[in-house]
Structures are given as structure tokens and as C-alpha cells.
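To keep things clear, I will list the structure first and then write my remarks on it.
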Amino acid sequence: MSRIHVIHENPLWLPPLAEAFDRIGLPWAEMDLSRGTFDLSEPPPEGVFYNRMSASSHTRGHRYAAELTAGVLAGWRGMAAAW
């Protein structure tokens, strides 16, 4: 089964979602984009992407997390078009 990749920047929002995925046996992985860097030299991992990025990320000191998420998703979309 493919993995669910949870894109987020707020670790406080992750536990309830993680517990729900674990309870029903869904494989998942965390993608914390609060650090402000992301390597786009590799293709995206296989699976489904669940975007929990918040427009209010800047209020938690993650000023460009939403913009980074948009860039990552656009970069992956461009990669997919090239395949």
C-alpha cells in the first residue's frame, strides 16, 4: 500500500492525525516544511500527499513555509509532467 505523506509546519497538529492513521492501519510519513529547505533533486516519494500547511504559519515563526510548500508541489508537478 502507498504511504500518506502529511505536509505540515505545526507539530502540534500532527498527533491526532497520526493516531487516527495508526488506529486504522494506514501507513504515513511526516513532511515538516517548517525548516525552510527542501531537496527537489529527487522525485517525490510514491503515495498520497495530505497538505496540512497553514496560511497562518508565519504566526509561528515559519514565515515562508506556505510559499515553500507551493514551490515543492509545483516542482513535483513539473517533474511528473516530464515523465
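The first residue in the sequence is number 1, and the count goes up from there. All values below come from the heavy atoms of this structure, side chains included, with hydrogens, waters and symmetry mates left out.
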Any side-chain heavy atom of His8 sitting closer than 4.5 Å to one from Trp13? no
What's the spacing between Phe49 CZ and Ile4 CD1 if we round to 0.5 Å? 11.5 Å
Rounded to the nearest 0.5 angstrom, the CG-CE distance for Asn10 and Met53 is 9.5 Å
Would you indicate whether Phe21, at its atom CZ, is surrounded by more than 12 heavy atoms from other residues, nucleotides or ligands within a distance under 6.0 Å? yes
Who are the salt bridge (charged side-chain N to carboxylate O under 4.0 Å, His left out) partners of Glu67, not counting sequence neighbours? Arg63
Are Leu14 and Ile24 connected, step by step, through hydrophobic side chains (Ile, Leu, Val, Met, Phe, Trp, Tyr) whose heavy atoms are closer than 4.5 Å? yes
What are the two closest heavy atoms between Ser2 and Pro27, and how far apart are they? O-CG, 3.4 Å
Flag, side chain of Arg3 to backbone of Trp28, donor-acceptor distance under 3.5 Å: yes
I'd like to know if Arg60 pairs up with Glu9 as an ion pair, taking the criterion as any Lys NZ or Arg NE/NH1/NH2 lying under 4.0 Å from an Asp or Glu carboxylate oxygen. yes
Show your reasoning for whether side-chain contact (heavy atoms from CB on, under 4.5 Å) applies to Glu30 and Val6. CA-CA 5 Å; Glu30 173 183 8; Val6 181; 5.7 Å; no
Minimum heavy-atom distance Pro43-Trp76, with the two atoms named: C-NE1, 4.4 Å
Looking only at heavy atoms, what is the nearest atom pair of Leu33 and Leu68, with distance? O-CD2, 3.7 Å
Examine Leu26 and Leu17 and state if one hydrophobic cluster contains both, with Ile, Leu, Val, Met, Phe, Trp and Tyr joined whenever side-chain heavy atoms are less than 4.5 Å apart. yes
Any link between Met31 and Val48 through a network of hydrophobic side chains (Ile, Leu, Val, Met, Phe, Trp, Tyr) touching at under 4.5 Å? no
Step by step, would you call Asp32 with Ile7 a side-chain contact (heavy atoms from CB on, under 4.5 Å)? CA-CA 6 Å; Asp32 182 352; Ile7 300 171; over 6 Å; no
Is the backbone of Glu46 close enough, under 3.5 Å, to the side chain of His5 for a donor and an acceptor to pair up by distance? yes
Taking all non-hydrogen atoms of both residues, which atom of Pro16 and which atom of Leu12 are closest, and how far apart? CD-O, 4.2 Å
